[in-house]
Amino acid sequence: MKKLTALAIAVIAGAASTAVAGPPSEFLVVPDSSNDILVTFSPFDGSLINSNFATIGGGTPKHALQVGNEIWVSNQLTDQVDRFTLNGAFVSSIVGGLDNIKGMEVVGNEVWVTNAGSNNGAPGNSIVKIDIGSATISGSSPTSGSLFDVINYQGQVLGTNITSEDLEFYDAGGNFASVFHASDGVSGIDFPQQAFARDNGGLLVAGFSPTSGVYAYDAAGNDLGIVAGLDSGARGVYELGNGNIMWTNGAGVWVTDPNTGQVTQVYDGGSSQYIDLVVIPAPGAAGLLALAGFASTRRRR
């Protein structure tokens, strides 16, 4: 689950002493790029919660990411980031300086966006950085290939590179640091898309091209094989609270029990993309996550 700093806990605890508040609400959000909507699910077992949480204005919505008290959605085709409230109401769009964008991550006081194109004044293969406070582009760092996702992992930022097929580390400045796992694109993962940091220190990555599926890695970067979605064209991945693995592809959203191999389709509305967790603050604590620096401490699960 998301972790909070000691400061964040103290701020929220202080608010609880002056206001009655219930527990926070959590859900997973997945863009359906066929129907241009956001769909929500239970983070414990993957069951469907809302089949039309929010509407996107066309294009290819790829990744819905919580940024403080908002949800930011990257759109691969329209080259913009759309901002929504935690209740799914549209706020505004960040346009210009972006082209062919996919996965995003909160890194400090910025949102790092994977960028591949050079239209709209965009810098080509790079990580584009958006300042959270002003919702404007603050800079970029070049990458050696096209990244499809970036996540906080092992104190660095890990990127999935579809050009080299490698999983790569970047430092706090966005500079290439090292290779976490090198793939030849034949016996290992091919076209890696979303990555997920597991509670056991390992990693899950959705491989889109043959042999496709959800690949597991240990903390040292060793390939442990495909654990879900074999030959599925996997795009998104998330490890649920009950230990099952949720993943997405062009046919919807699925859940695999890694112990039995049983696969259940939990959403068949359309082509589905990345999966991420959203936490709505408890009543009486609205705005406190952003105040306490929630955006700078976010991690998956």
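If you read the sequence from its start, that first residue is 1, and numbering goes on from there.
Atom-to-atom distance recorded for K102:NZ and H63:NE2 is 13.5 Å, nearest 0.5 angstrom. The CG atom of N125 sits 7.5 Å away from atom CG of L147, with the distance rounded to the nearest 0.5 Å. The distance from atom OG1 of T160 to atom CD of E165, rounded to the nearest 0.5 Å, is 10.5 Å.
The hydrophobic clustering, which links ILVMFWY residues whose side-chain heavy atoms are closer than 4.5 Å, places L48 and Y238 together. Linking Ile, Leu, Val, Met, Phe, Trp and Tyr whenever their side-chain heavy atoms come within less than 4.5 Å puts F90 and V29 in one cluster.
Atom CD of Q262 is surrounded by 12 or fewer heavy atoms from other residues, nucleotides or ligands within 6.0 Å.
Contacts of D79 classified as side-chain contact (heavy atoms from CB on, under 4.5 Å), with partners at least two apart in sequence or in another chain: D99, N120. When the ring pair (Phe, Tyr, Trp, His ring centres under 6.0 Å) test is applied to W247, the partners found at least two apart in sequence or on another chain are W254.
We find that E110 and K129 are not joined by a salt bridge, their nearest charged nitrogen and carboxylate oxygen being 4.0 Å or further apart.
Pairs passing the ring pair (Phe, Tyr, Trp, His ring centres under 6.0 Å) check and including a residue from residues 129-164, sequence neighbours excluded, read F148-F191, Y153-F180. Applying the ring pair (Phe, Tyr, Trp, His ring centres under 6.0 Å) definition to pairs two or more places apart or across chains, those involving residues 25-46 are F27-F53. For residues 224-237, the pairs satisfying side-chain hydrogen bond (donor to acceptor under 3.5 Å, both in side chains) are R235-S271, with sequence neighbours left out. Sequence neighbours left out, the pairs with a member in residues 205-223 that pass side-chain hydrogen bond (donor to acceptor under 3.5 Å, both in side chains) are D218-N222.
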